Peer 1: 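Okay, here's the structure, questions in a sec.
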Amino acid sequence: MQHHQLINRRYCLRLNFLLTNILFLAILATKSLAQHFSPDIFLNQVGFYPAGQKIAVVAGEKQSAFLVKDAASGKTVFNGKLSEPRTNQHSGKISRIADFSTVQKSGKYVLEVTGLAKSAPFEIKAKVHREVAEAALKGFYYQRVSLPLPDKFAGKWARAEGHQDNKILVHASAVSEGRPENAVISSSKGWYDAGDYNKYIVNSGITMGTLLSLYEDYPSFFEDFNTNIPESNNGVPDLLDEAIWNLRWMLTMLDPGDGGVYHKLTNPRFDGMIMPDAAKNPRYVVQKNTPATLDFVAVTAQAGRILKGFENKFPGLSDSCITAAVKGWEWAKKNPDIYYNQDELNKKFDPDIVTGAYGDRNAKDEWVWAAAEMYASTKKADYLNGISFVTEKPLPLPTWSDVQALGYYTLIRFSDELKMDSKLSGQLKESVIKFSDQLLVDLEKQPYHTVMGKTARDYSWGSSSVAANQGIALLYAFKLTKNPKYTKAALGNLDYLLGRNATGYCLLTGFGSKRVMHPHHRPSIADGIADPVPGLLSGGPNPGQQDKCTTYTSKFADESFTDDDCSYASNEIAINWNAPMVYLAAAIEALMATK
């Protein structure tokens, strides 16, 4: 979970001699590989669509021209001039833009600038981000709880089953009639939340909402989207099969006696850097509260309406979801102001819980999202009664602690079908467009030509998800206006995540020439394999540097990143970051396929 206590570096010293040497050799190999490419040329290291925008960033102000060459033959296919210098608002560094969008022939290329080494190689081809989208979704499979991952599906990252979670204790903060302290319940399946082995309803909420919305927005795209998971080719899109693994866990987190939902399923403390099957500490479900329950309501309501179309595959699951959503809604109505405060909880109950808090002091946004999903699933407008939509302000970007945008997206998606009040519908749409237009202001002045990073606020904990969620908002603006400026900007943020950023890293594990090799992710650290688990989005630059790692090389907001497994502040992974990465890459693939 991304809100970590400081991890003792001595864990790293306890890795066996073989693993130490493997990692050492991997580092040498990575450094040797990187030396072939210029550290002063930043671009999407995966590639570009033939008809899409193609931009690279060149550091410095001395150069004025660039070449694009065929990677195999060395033949020059394009001569270009660099843009006027741009000044980085975070570091003061100077850069120029290389635009080679007119190069449209499929192939593998490099970019050259006089006096610099070549860029990392890149491809131009149709479906260039298909593998990225598939890998980011497959990343969730590697996070699955309560089953072994065999070679057939996990390749060299195969591992034993961890956490059956069929004997979970009820924490003293979560007791209810019929479930006293230390009562045992079963709560298996789900996804490990991040680099740790716990499961959190709040973070599962935004994750599931993002993935399920992706399916509702582009359902036909996922008909042949195969990620080689155990359920592949079962007549259900892999995107939904993967989400259902987590959905079934979420359903166990509702107390059937009263309809409240537990905040999380957790160890009292974080595990060490060990594999899942070696983690044996007792696990608890902890206090029921309003935001967690409303997140649960939103997810189960949305899942319920989607799964109506798969009744023959999952008999009764849709109805079970809607029933659970109604129960949760009724509990939240009776308990509208119960919040999770871990420090206060630890003063009253034992054992102390010191894993990720995901505390929230305001449930207004959860009410918006839950009401929107209940309305869309039941067609009962009464669910919107008393719900406050703050539409006079631009859209608030989705985060685990502010999910109202997910409700906006759903109401926009179904506004015609629901015959919504035209004034509210118009306000919601305008909110998305205003937010997207603000992102586009001064784009042509930005040092990396991305809407990501205009202000230092973009570089918060999990800044990679900021870039991805900005891209999603831009894609909704495109759906509403059909103006291609929004898709172009969204694609620019995907370029950012895949290498066109001030760190120079491709931030999705398994991809790029300068790739993340040491994420703060227990299986990737403990499995003895040099390559990290693939398809996981690193958190990205975070000037807070809360982990106090000593390997950061910069404090500039956009460079504040270290590829070091000690860095939970900049290099952890998390399901709520991977979900918008899946959405952005897959949605862009879907849209480009129609051109």
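Given the structure is predicted, the values throughout are model-derived calculations rather than measurements.
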Peer 1: Please identify each residue that fulfils side chain to side chain donor-acceptor pair (under 3.5 Å) with Y192, with sequence neighbours left out.
Peer 2: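 For Y192, the residues satisfying side chain to side chain donor-acceptor pair (under 3.5 Å) (neighbours in sequence not counted) are H163.
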Peer 1: Verify whether one side chain among Q546 and N542 offers a donor that lies under 3.5 Å from an acceptor in the other.
Peer 2: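 Side-chain D/A pair, Q546 to N542: present.
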Peer 1: Is the shortest heavy-atom distance from the side chain of I185 to the side chain of R179 under 4.5 Å?
Peer 2: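 Yes, close enough: below the 4.5 Å cut-off.
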Peer 1: Taking the side chain as every heavy atom from C-beta outward, state whether P291 and E366 have any atom pair closer than 4.5 Å.
Peer 2: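 Side-chain contact under 4.5 Å: yes.
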Peer 1: Check whether the side chains of Q302 and E216 place a donor and an acceptor atom closer than 3.5 Å, and report yes or no.
Peer 2: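 Result is yes, a qualifying pair exists.
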Peer 1: For N493, check side chain to side chain donor-acceptor pair (under 3.5 Å) against everything at least two apart and list the hits.
Peer 2: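 So N493 forms a side chain to side chain donor-acceptor pair (under 3.5 Å) with Q470.
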Peer 1: How about F561 and Y552: are their ring centres within less than 6.0 Å of each other?
Peer 2: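 Not close enough - the centres of the two rings lie 6.0 Å or further apart.
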Peer 1: Looking only at non-hydrogen atoms, find the nearest pair between S463 and G540 and report the distance.
Peer 2: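 The pair with the smallest heavy-atom distance is OG-C, 3.4 Å.
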Peer 1: Give me the atom names and distance for the closest heavy-atom approach of G356 to F270.
Peer 2: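 It is N-CZ, 3.5 Å.
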Peer 1: Quick check: F222 with F225 (ring centres under 6.0 Å apart)?
Peer 2: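 Under 6.0 Å, so yes.
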Peer 1: Check for a donor-acceptor pair, side chain of N469 on one end and backbone N or O of L397 on the other, with a separation under 3.5 Å.
Peer 2: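 Between the backbone of L397 and the side chain of N469 there is no qualifying donor-acceptor contact (under 3.5 Å).
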Peer 1: Locate the shortest heavy-atom distance separating A154 from Y142; write the atom from each residue and the value.
Peer 2: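 A154 and Y142 have their closest heavy atoms at O-OH, 3.4 Å.
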Peer 1: Check the pair W249 / V145 against side-chain contact (heavy atoms from CB on, under 4.5 Å), numbers first and verdict last.
Peer 2: CA-CA 9 Å; W249 164 67; V145 186; over 6 Å; no
Peer 1: Would N501 and D558 count as having a side-chain donor-acceptor pair, cut-off 3.5 Å?
Peer 2: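 Side chains of N501 and D558: no pair found under 3.5 Å.
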Peer 1: One pair to check against side-chain contact (heavy atoms from CB on, under 4.5 Å): V516 and C506. What are the steps and the verdict?
Peer 2: CA-CA 7 Å; V516 170; C506 181; over 6 Å; no
Peer 1: Is the side chain of D565 donor-acceptor paired with the backbone N or O of P519 at a distance under 3.5 Å, no angle test?
Peer 2: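 Pair absent, no side-chain N/O of D565 close to backbone of P519.
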Peer 1: Between the side chain of W157 and the main-chain N/O of P532, is any donor-acceptor distance below 3.5 Å?
Peer 2: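 Indeed, once roles are kept as given, a pair shorter than 3.5 Å links the two residues.
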Peer 1: Would you say the side chains of Y409 and D217 form a donor-acceptor pair under 3.5 Å?
Peer 2: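 There is no such pair between these side chains.
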Peer 1: Flag the pair R130 and E134 as a salt bridge only when some basic side-chain nitrogen lies within less than 4.0 angstrom of an acidic carboxylate oxygen.
Peer 2: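 Looking at E134 together with R130, the answer is yes, because their closest N to O distance falls below 4.0 Å.
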Peer 1: Under a 3.5 Å cutoff, is there a donor and acceptor pairing between the side chains of D193 and N198?
Peer 2: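 Their side chains do not contain a donor-acceptor pair, so the 3.5 Å distance test is not met.
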Peer 1: How long is the span from the NE2 atom in H520 to the CD1 atom in I525, to the nearest 0.5 Å?
Peer 2: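 Nearest 0.5 Å value for the NE2-CD1 distance: 6.0 Å.
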Peer 1: Out of curiosity, M273 CE to C566 SG, how far, rounded to the nearest 0.5 Å?
Peer 2: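 Here the interatomic distance stands at 9.0 Å.
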Peer 1: Any donor-acceptor pair under 3.5 Å linking the side chain of Q342 with the backbone of T355?
Peer 2: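 Yes, the answer is positive, given that a donor and an acceptor are paired below the 3.5 Å cut-off.
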Peer 1: Is the backbone N or O of K138 less than 3.5 Å from a side-chain atom of T227, with the two atoms forming a donor-acceptor pair by type?
Peer 2: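 No, the answer is negative, given that no donor and acceptor are paired below the 3.5 Å cut-off.
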Peer 1: For the atom pair NE2 (H171) and CG (D350), what is the distance rounded to the nearest 0.5 Å?
Peer 2: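 Here the rounded value is 7.0 Å.
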Peer 1: With sequence neighbours excluded, what pairs up with Y340 under the ring-ring contact (aromatic ring centres under 6.0 Å, His included) test?
Peer 2: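 With sequence neighbours excluded, Y340 shows a ring-ring contact (aromatic ring centres under 6.0 Å, His included) to H263, given in chain and number order.
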Peer 1: Keeping K514 on the side-chain end and T503 on the backbone end, is there a donor-acceptor pair under 3.5 Å?
Peer 2: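 Checked: pair present.
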Peer 1: Just wondering, do N226 and D238 contact through their side chains at under 4.5 Å, heavy atoms?
Peer 2: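 Side-chain contact under 4.5 Å: yes.
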Peer 1: Between K199 and D165, is there a side-chain heavy-atom distance shorter than 4.5 Å?
Peer 2: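 In short, these two side chains touch, coming nearer than 4.5 Å.
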Peer 1: May I ask you to decide if A324's main-chain N or O and T300's side chain share a donor-acceptor pair within less than 3.5 Å?
Peer 2: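 A pair under 3.5 Å: no.
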Peer 1: Just by distance, do the side chain of K152 and the backbone of P230 share a donor-acceptor pair under 3.5 Å?
Peer 2: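 Looks like no, no N/O pair under 3.5 Å.
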Peer 1: Would you say the ring centers of H90 and Y459 fall short of 6.0 Å from each other?
Peer 2: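 Yes: the rings meet the under 6.0 Å criterion.
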Peer 1: Any carboxylate oxygen within less than 4.0 angstrom of a Lys/Arg side-chain nitrogen, looking at D255 and K288?
Peer 2: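 Yes, charged N to carboxylate O under 4.0 Å.
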Peer 1: Counting N and O atoms only, with roles assigned by atom type, does the side chain of R522 sit under 3.5 Å from a partner on the main chain of G272, one being a donor and the other an acceptor?
Peer 2: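 Between the backbone of G272 and the side chain of R522 there is a qualifying donor-acceptor contact (under 3.5 Å).
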Peer 1: Heavy atoms, side chains only, cut-off 4.5 Å: are W369 and L294 in contact?
Peer 2: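 Sidechains of L294 and W369: no contact.
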Peer 1: Can you check side-chain contact (heavy atoms from CB on, under 4.5 Å) on R159 and D277, steps first, answer last?
Peer 2: CA-CA 8 Å; R159 60 170 171 81; D277 61 301; 5.8 Å; no
Peer 1: May I ask you to check whether T562 and T551 show a side-chain donor-acceptor distance below 3.5 Å?
Peer 2: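 Checked: T562/T551 side chains pair up, N/O donor to acceptor below 3.5 Å.
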Peer 1: Taking the side chain as every heavy atom from C-beta outward, state whether L406 and T210 have any pair of such atoms under 4.5 Å apart.
Peer 2: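 In short, these two side chains touch, coming nearer than 4.5 Å.
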Peer 1: Does E231, at its CD atom, have more than 12 non-hydrogen atoms belonging to other residues, nucleotides or ligands within less than 6.0 Å?
Peer 2: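 Atom CD in E231 is crowded, with more than 12 foreign heavy atoms closer than 6.0 Å.
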Peer 1: Passes side-chain contact (heavy atoms from CB on, under 4.5 Å), S560 versus K555? Steps please.
Peer 2: CA-CA 5 Å; S560 184; K555 292 190 176 182; 5.8 Å; no
Peer 1: Kindly say whether A579 contributes a backbone atom to a donor-acceptor pair with the side chain of T207 at under 3.5 angstrom?
Peer 2: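 Absent.
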Peer 1: Could you report the tightest heavy-atom contact between E589 and V128, atom names first, then the distance?
Peer 2: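 Looking at all heavy atoms of both residues, the shortest contact is OE2-N, 3.4 Å.
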Peer 1: Distance alone, cut at 3.5 Å: any donor-acceptor contact between the side chains of S554 and E559?
Peer 2: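 Result is yes, a qualifying pair exists.
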Peer 1: Can you tell me if S204 and W191 form a side-chain donor-acceptor pair at under 3.5 Å?
Peer 2: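 Looking only at side-chain atoms, W191 and S204 do not form any donor-acceptor pair under 3.5 Å.
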Peer 1: For Y284 and P268, work out which heavy atoms get closest and say how close.
Peer 2: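 Looking at all heavy atoms of both residues, the shortest contact is CE1-CG, 3.7 Å.
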Peer 1: Going by salt bridge (charged side-chain N to carboxylate O under 4.0 Å, His left out), K156 matches just one of D531, D151, D527. Which one?
Peer 2: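 Filter result, single survivor: D531.
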Peer 1: Are F140 and L211 close enough that some pair of their side-chain heavy atoms sits under 4.5 Å apart?
Peer 2: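 Heavy-atom side-chain distance check passes, below 4.5 Å.
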Peer 1: For the residue pair S146 and Q164, what are the closest heavy atoms and their distance?
Peer 2: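 Shortest heavy-atom contact: OG-O, 3.4 Å.
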Peer 1: Do T266 and V286 have side-chain heavy atoms sitting under 4.5 Å apart?
Peer 2: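 Contact flag for T266/V286 side chains = yes.
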Peer 1: For residues S570 and S567, is any side-chain donor paired with an opposing acceptor at under 3.5 Å?
Peer 2: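 S570 vs S567: donor-acceptor pair found between side chains.
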Peer 1: Do N571 and H521 have side-chain N/O donor and acceptor atoms under 3.5 Å apart?
Peer 2: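 N571 vs H521: no donor-acceptor pair found between side chains.
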Peer 1: Just verifying a value: how many Å separate L214 CG and F221 CZ, rounded to the nearest 0.5 Å?
Peer 2: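 Going from the CG atom of L214 to the CZ atom of F221 covers 8.5 Å.
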Peer 1: What's the separation between atom CG in L494 and atom CG in L491, rounded to the nearest 0.5 Å?
Peer 2: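 That separation rounds to 6.0 Å.
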Peer 1: Got a second to check how far F296's CZ is from L247's CG, nearest 0.5 Å?
Peer 2: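 If I round to the nearest 0.5 Å, the distance is 8.0 Å.
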